[in-house]
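Here is the structure we will look at.
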Amino acid sequence: MSQLTSPLGSSSRQTVGATVAELLRDRIRENYTPGDELESEAALAAEFGASQRAVRDALRILTQQGLIETHQGKRATVGSLRPVAVSGYFQMVLEEDHASMADLIEMREALESRAARYAAERIDDDELRVLEQTFEAIESAPEIDDRVQLDLRFHALISRASGNRFLASLAESMSSVLEEERRRGHELSHGRNHGKSDEEHALILDAIRRRDPEGAELAMRGHLLAVADRWRAMQGRPPAAS
(Lines give C-alpha, C1' and ligand atoms only; values in the text may rest on other atoms or scores of the structure.)
Protein backbone atom coordinates (compact mmCIF):
# COMPACT_ATOMS: atom_id res chain seq x y z
CA MET A 1 0.00 0.00 0.00
CA SER A 2 1.40 3.42 -1.00
CA GLN A 3 1.44 5.90 1.86
CA LEU A 4 1.62 9.62 1.15
CA THR A 5 2.27 12.11 3.90
CA SER A 6 1.58 15.79 3.57
CA PRO A 7 1.85 18.77 5.93
CA LEU A 8 -1.21 20.93 6.23
CA GLY A 9 -1.76 23.60 3.60
CA SER A 10 -3.47 23.99 0.25
CA SER A 11 -0.30 23.79 -1.86
CA SER A 12 0.78 20.60 -0.09
CA ARG A 13 -2.66 19.07 -0.58
CA GLN A 14 -2.54 19.89 -4.27
CA THR A 15 0.89 18.28 -4.57
CA VAL A 16 -0.39 15.12 -2.88
CA GLY A 17 -3.44 15.22 -5.16
CA ALA A 18 -1.19 15.30 -8.24
CA THR A 19 0.82 12.37 -6.89
CA VAL A 20 -2.34 10.35 -6.18
CA ALA A 21 -3.55 11.16 -9.70
CA GLU A 22 -0.32 9.80 -11.16
CA LEU A 23 -0.58 6.58 -9.13
CA LEU A 24 -4.22 6.13 -10.08
CA ARG A 25 -3.43 6.80 -13.74
CA ASP A 26 -0.88 3.96 -13.75
CA ARG A 27 -3.32 1.64 -11.99
CA ILE A 28 -6.13 2.41 -14.42
CA ARG A 29 -3.94 1.76 -17.45
CA GLU A 30 -2.75 -1.58 -16.08
CA ASN A 31 -5.87 -2.98 -14.42
CA TYR A 32 -9.06 -1.22 -15.56
CA THR A 33 -11.22 -0.97 -18.66
CA PRO A 34 -13.76 1.73 -19.60
CA GLY A 35 -16.84 1.52 -17.39
CA ASP A 36 -15.08 -0.01 -14.38
CA GLU A 37 -15.72 1.69 -11.02
CA LEU A 38 -12.89 3.04 -8.91
CA GLU A 39 -12.79 2.53 -5.15
CA SER A 40 -14.61 5.08 -3.00
CA GLU A 41 -12.89 8.32 -2.03
CA ALA A 42 -12.64 7.07 1.55
CA ALA A 43 -11.02 3.80 0.48
CA LEU A 44 -8.54 5.58 -1.78
CA ALA A 45 -7.68 8.06 0.95
CA ALA A 46 -7.01 5.21 3.39
CA GLU A 47 -4.92 3.30 0.86
CA PHE A 48 -2.71 6.22 -0.08
CA GLY A 49 -2.56 7.78 3.38
CA ALA A 50 -3.96 11.03 1.97
CA SER A 51 -6.91 13.20 2.86
CA GLN A 52 -10.19 12.82 1.00
CA ARG A 53 -9.75 16.40 -0.23
CA ALA A 54 -6.46 15.37 -1.86
CA VAL A 55 -8.18 12.36 -3.41
CA ARG A 56 -10.88 14.66 -4.81
CA ASP A 57 -8.12 16.83 -6.29
CA ALA A 58 -6.70 13.71 -7.94
CA LEU A 59 -10.08 12.70 -9.33
CA ARG A 60 -10.61 16.20 -10.70
CA ILE A 61 -7.25 16.02 -12.51
CA LEU A 62 -8.13 12.65 -14.05
CA THR A 63 -11.58 13.92 -15.05
CA GLN A 64 -10.02 16.91 -16.83
CA GLN A 65 -7.74 14.51 -18.67
CA GLY A 66 -10.73 12.45 -19.76
CA LEU A 67 -9.45 9.33 -18.03
CA ILE A 68 -12.40 9.00 -15.64
CA GLU A 69 -15.98 10.23 -15.35
CA THR A 70 -17.47 11.43 -12.08
CA HIS A 71 -21.13 11.51 -11.09
CA GLN A 72 -22.70 13.13 -8.04
CA GLY A 73 -23.23 10.60 -5.27
CA LYS A 74 -21.63 7.73 -7.22
CA ARG A 75 -18.16 6.30 -7.56
CA ALA A 76 -15.94 7.52 -10.39
CA THR A 77 -15.83 5.26 -13.43
CA VAL A 78 -13.06 4.74 -15.96
CA GLY A 79 -13.67 6.64 -19.18
CA SER A 80 -12.28 6.16 -22.68
CA LEU A 81 -9.52 8.79 -22.49
CA ARG A 82 -11.49 11.60 -24.11
CA PRO A 83 -9.78 14.95 -24.76
CA VAL A 84 -11.96 16.83 -22.25
CA ALA A 85 -9.54 19.74 -21.79
CA VAL A 86 -9.34 20.36 -25.55
CA SER A 87 -13.11 20.31 -25.88
CA GLY A 88 -13.40 22.68 -22.94
CA TYR A 89 -10.97 25.09 -24.56
CA PHE A 90 -12.94 25.08 -27.83
CA GLN A 91 -16.17 25.72 -25.91
CA MET A 92 -14.65 28.60 -23.92
CA VAL A 93 -13.34 30.35 -27.04
CA LEU A 94 -16.67 30.00 -28.83
CA GLU A 95 -18.57 31.40 -25.86
CA GLU A 96 -16.28 34.45 -25.79
CA ASP A 97 -16.25 34.99 -29.56
CA HIS A 98 -18.91 33.23 -31.60
CA ALA A 99 -17.22 34.37 -34.82
CA SER A 100 -14.43 31.92 -34.00
CA MET A 101 -16.79 29.19 -35.24
CA ALA A 102 -15.38 29.93 -38.70
CA ASP A 103 -11.90 29.04 -37.45
CA LEU A 104 -13.16 25.82 -35.90
CA ILE A 105 -14.92 24.79 -39.12
CA GLU A 106 -11.73 25.56 -41.05
CA MET A 107 -9.68 23.36 -38.73
CA ARG A 108 -12.31 20.65 -39.01
CA GLU A 109 -11.94 20.72 -42.79
CA ALA A 110 -8.19 20.19 -42.53
CA LEU A 111 -8.42 17.33 -40.05
CA GLU A 112 -11.51 15.46 -41.25
CA SER A 113 -10.50 15.57 -44.91
CA ARG A 114 -7.29 13.78 -44.01
CA ALA A 115 -9.19 11.37 -41.77
CA ALA A 116 -11.43 10.46 -44.71
CA ARG A 117 -8.36 9.68 -46.83
CA TYR A 118 -6.97 7.37 -44.16
CA ALA A 119 -10.38 5.78 -43.60
CA ALA A 120 -10.60 4.85 -47.28
CA GLU A 121 -7.25 3.10 -46.90
CA ARG A 122 -7.82 1.43 -43.54
CA ILE A 123 -11.52 0.87 -42.86
CA ASP A 124 -12.48 -2.76 -42.25
CA ASP A 125 -15.67 -4.48 -43.37
CA ASP A 126 -17.41 -4.18 -39.99
CA GLU A 127 -16.65 -0.47 -39.72
CA LEU A 128 -17.87 0.07 -43.28
CA ARG A 129 -21.11 -1.76 -42.54
CA VAL A 130 -21.81 0.46 -39.52
CA LEU A 131 -20.98 3.58 -41.55
CA GLU A 132 -23.42 2.53 -44.26
CA GLN A 133 -26.14 1.84 -41.69
CA THR A 134 -25.57 5.24 -40.10
CA PHE A 135 -25.84 6.98 -43.48
CA GLU A 136 -29.14 5.20 -44.19
CA ALA A 137 -30.43 6.23 -40.76
CA ILE A 138 -29.55 9.89 -41.42
CA GLU A 139 -31.61 9.88 -44.62
CA SER A 140 -34.68 8.55 -42.83
CA ALA A 141 -34.30 10.39 -39.49
CA PRO A 142 -37.68 11.97 -38.65
CA GLU A 143 -36.53 14.51 -36.05
CA ILE A 144 -33.84 17.19 -36.01
CA ASP A 145 -32.26 15.86 -32.82
CA ASP A 146 -32.01 12.37 -34.33
CA ARG A 147 -30.46 13.74 -37.48
CA VAL A 148 -27.89 15.81 -35.57
CA GLN A 149 -26.81 12.83 -33.48
CA LEU A 150 -26.54 10.58 -36.53
CA ASP A 151 -24.60 13.23 -38.44
CA LEU A 152 -22.13 13.45 -35.55
CA ARG A 153 -21.89 9.66 -35.51
CA PHE A 154 -21.23 9.48 -39.26
CA HIS A 155 -18.27 11.84 -38.99
CA ALA A 156 -16.98 10.20 -35.80
CA LEU A 157 -17.03 6.77 -37.45
CA ILE A 158 -14.92 8.04 -40.32
CA SER A 159 -12.41 9.62 -37.93
CA ARG A 160 -12.17 6.39 -35.95
CA ALA A 161 -11.77 4.34 -39.12
CA SER A 162 -8.75 6.51 -39.98
CA GLY A 163 -6.84 4.41 -37.47
CA ASN A 164 -5.25 7.54 -36.01
CA ARG A 165 -6.26 8.05 -32.39
CA PHE A 166 -5.24 11.72 -32.34
CA LEU A 167 -7.32 12.57 -35.39
CA ALA A 168 -10.25 10.71 -33.85
CA SER A 169 -9.86 12.49 -30.50
CA LEU A 170 -9.63 15.97 -32.03
CA ALA A 171 -12.61 15.26 -34.26
CA GLU A 172 -14.59 14.20 -31.19
CA SER A 173 -13.58 17.40 -29.38
CA MET A 174 -14.82 19.52 -32.26
CA SER A 175 -18.03 17.54 -32.70
CA SER A 176 -19.10 18.01 -29.10
CA VAL A 177 -18.96 21.80 -29.39
CA LEU A 178 -20.44 21.86 -32.89
CA GLU A 179 -23.52 19.91 -31.83
CA GLU A 180 -25.60 22.91 -30.80
CA GLU A 181 -24.53 24.88 -33.86
CA ARG A 182 -25.65 22.01 -36.10
CA ARG A 183 -28.99 21.79 -34.33
CA ARG A 184 -29.49 25.54 -34.69
CA GLY A 185 -28.59 25.34 -38.38
CA HIS A 186 -31.12 22.58 -39.00
CA GLU A 187 -33.82 24.58 -37.21
CA LEU A 188 -33.10 27.85 -39.04
CA SER A 189 -32.96 26.18 -42.45
CA HIS A 190 -36.16 24.19 -41.76
CA GLY A 191 -34.49 21.16 -43.34
CA ARG A 192 -33.79 22.89 -46.67
CA ASN A 193 -30.15 21.73 -46.59
CA HIS A 194 -30.87 18.11 -45.71
CA GLY A 195 -30.94 16.89 -49.29
CA LYS A 196 -27.67 18.62 -50.15
CA SER A 197 -25.99 17.31 -47.02
CA ASP A 198 -27.19 13.77 -47.80
CA GLU A 199 -25.74 14.03 -51.30
CA GLU A 200 -22.40 15.15 -49.88
CA HIS A 201 -22.38 12.32 -47.35
CA ALA A 202 -23.19 9.86 -50.13
CA LEU A 203 -20.14 10.99 -52.11
CA ILE A 204 -17.92 10.54 -49.06
CA LEU A 205 -19.33 7.09 -48.35
CA ASP A 206 -19.03 6.00 -51.97
CA ALA A 207 -15.34 6.98 -52.11
CA ILE A 208 -14.60 5.17 -48.86
CA ARG A 209 -16.51 2.11 -50.07
CA ARG A 210 -14.42 2.11 -53.27
CA ARG A 211 -11.22 2.43 -51.16
CA ASP A 212 -10.42 5.67 -52.99
CA PRO A 213 -8.30 7.81 -50.63
CA GLU A 214 -8.04 10.84 -52.90
CA GLY A 215 -11.74 10.75 -53.73
CA ALA A 216 -12.68 10.44 -50.05
CA GLU A 217 -10.47 13.37 -49.10
CA LEU A 218 -11.89 15.56 -51.88
CA ALA A 219 -15.47 14.58 -51.05
CA MET A 220 -15.02 15.38 -47.36
CA ARG A 221 -13.33 18.68 -48.15
CA GLY A 222 -16.15 19.62 -50.52
CA HIS A 223 -18.73 18.74 -47.87
CA LEU A 224 -17.06 20.78 -45.15
CA LEU A 225 -16.50 23.77 -47.43
CA ALA A 226 -20.22 23.64 -48.17
CA VAL A 227 -20.92 23.42 -44.41
CA ALA A 228 -18.79 26.55 -43.94
CA ASP A 229 -20.71 28.39 -46.65
CA ARG A 230 -24.04 27.38 -45.10
CA TRP A 231 -22.84 28.65 -41.72
CA ARG A 232 -21.77 31.98 -43.28
CA ALA A 233 -25.17 32.28 -44.92
CA MET A 234 -26.83 31.83 -41.52
CA GLN A 235 -24.69 34.69 -40.24
CA GLY A 236 -25.54 36.88 -43.21
CA ARG A 237 -22.01 36.65 -44.58
CA PRO A 238 -20.92 36.03 -48.18
CA PRO A 239 -19.53 32.60 -49.11
CA ALA A 240 -15.78 32.09 -49.02
CA ALA A 241 -13.86 33.04 -52.14
CA SER A 242 -13.08 30.01 -54.27
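None of these values were measured; they are calculated from a predicted model.
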Inset, instruction - For Met92, enumerate each residue passing the side-chain contact (heavy atoms from CB on, under 4.5 Å) test, keeping only those at least two apart in sequence or located in another chain. - result: Tyr89, Glu96

Inset, instruction - Report the residues that fulfil salt bridge (charged side-chain N to carboxylate O under 4.0 Å, His left out) with Glu39, sequence neighbours left out, ordered by chain and then residue number. - result: Arg27

Legend entry - Electrostatic pair Arg56:Glu41 at N-O distance under 4.0 angstrom: yes

Inset, instruction - Please check if Met101 and Met107 belong to a single hydrophobic cluster, counting links between Ile, Leu, Val, Met, Phe, Trp and Tyr side chain heavy atoms closer than 4.5 Å. - result: yes

Legend entry - Nearest-0.5 Å distance, NE2 of residue His155 to CG of residue Asp151: 4.5 Å

Legend entry - Under the salt bridge (charged side-chain N to carboxylate O under 4.0 Å, His left out) test, residues paired with Glu22 that sit two or more places apart: none

Legend entry - Shortest non-hydrogen separation from Ala216 to Ala207 and the atoms involved: N-CB, 3.3 Å

Legend entry - Distance (rounded to the nearest 0.5 Å) between Leu128 CG and Gln133 CD: 10.0 Å

Inset, instruction - Nearest 0.5 Å please: distance from the CZ atom of Phe154 over to the CG atom of Leu131. - result: 4.5 Å

Inset, instruction - Identify the heavy atoms of Ala50 and Val20 that sit nearest to each other, and give their distance. - result: CB-CG2, 4.4 Å

Legend entry - Nearest non-hydrogen partners of Ala161 and Ile123, listed with the distance: CB-CG1, 3.8 Å

Legend entry - Non-neighbouring partners of Glu199 that pass side chain to side chain donor-acceptor pair (under 3.5 Å), sequence neighbours left out: none

Legend entry - Under the side chain to side chain donor-acceptor pair (under 3.5 Å) test, residues paired with Arg75 that sit two or more places apart: none

Legend entry - Listed partners of Glu200 passing side chain to side chain donor-acceptor pair (under 3.5 Å), at least two apart: His223, Arg230

Inset, instruction - Would you indicate whether the side-chain heavy atoms of Arg165 and Arg160 approach each other to under 4.5 Å? - result: no

Inset, instruction - With sequence neighbours excluded, tell me which residues meet ring pair (Phe, Tyr, Trp, His ring centres under 6.0 Å) with Tyr118. - result: none

Inset, instruction - Kindly write out the residues that satisfy salt bridge (charged side-chain N to carboxylate O under 4.0 Å, His left out) with Arg211, not counting sequence neighbours, or none if the list is empty. - result: Asp125

Inset, instruction - For residues Ala54 and Val16, report the shortest heavy-atom separation together with the two atoms involved. - result: CB-CG1, 3.9 Å

Legend entry - Basic-acidic side-chain contact under 4.0 Å: Arg209, Glu132: yes

Inset, instruction - Apply side chain to side chain donor-acceptor pair (under 3.5 Å) to Asp206 and list each qualifying residue two or more places apart in sequence or on a separate chain. - result: Arg210

Legend entry - Ser100-Asp97 side chain donor-acceptor pair, cut-off 3.5 Å: no

Legend entry - Non-neighbouring partners of Asp124 that pass salt bridge (charged side-chain N to carboxylate O under 4.0 Å, His left out), sequence neighbours left out: none

Legend entry - Under 3.5 Å donor-acceptor, Asp26 side chain and Leu23 backbone: no

Inset, instruction - Find out whether Val93 and Asp103 are in side-chain contact, i.e. whether some heavy atom of one side chain is under 4.5 Å from a heavy atom of the other. - result: no

Inset, instruction - Could you list the residues that satisfy side-chain contact (heavy atoms from CB on, under 4.5 Å) with Ala202, not counting sequence neighbours? - result: Phe135

Legend entry - Met220 side, atom CE; Leu203 side, atom CG - distance, nearest 0.5 Å: 11.5 Å

Legend entry - Atom of Ile68, atom of Thr70 and distance for their closest heavy-atom approach: CD1-CG2, 4.1 Å

Inset, instruction - State whether Glu217 and Arg221 are salt-bridged, where the test is any N-O pair (Lys NZ or Arg NE/NH1/NH2 against Asp/Glu carboxylate O) under 4.0 Å. - result: yes

Legend entry - Flag side-chain contact, heavy atom, 4.5 Å: Val227 against Asp229: no

Legend entry - Partners meeting side-chain contact (heavy atoms from CB on, under 4.5 Å) with Ala21 (sequence neighbours left out): Arg25, Ala58, Ile61, Leu62

Legend entry - Val78 side chain near Leu67 side chain, heavy-atom distance below 4.5 Å: no

Inset, instruction - Answer yes or no: is there a donor N or O on one side and an acceptor on the other, between the side chain of Ser162 and the main chain of Ile158, under 3.5 Å? - result: no

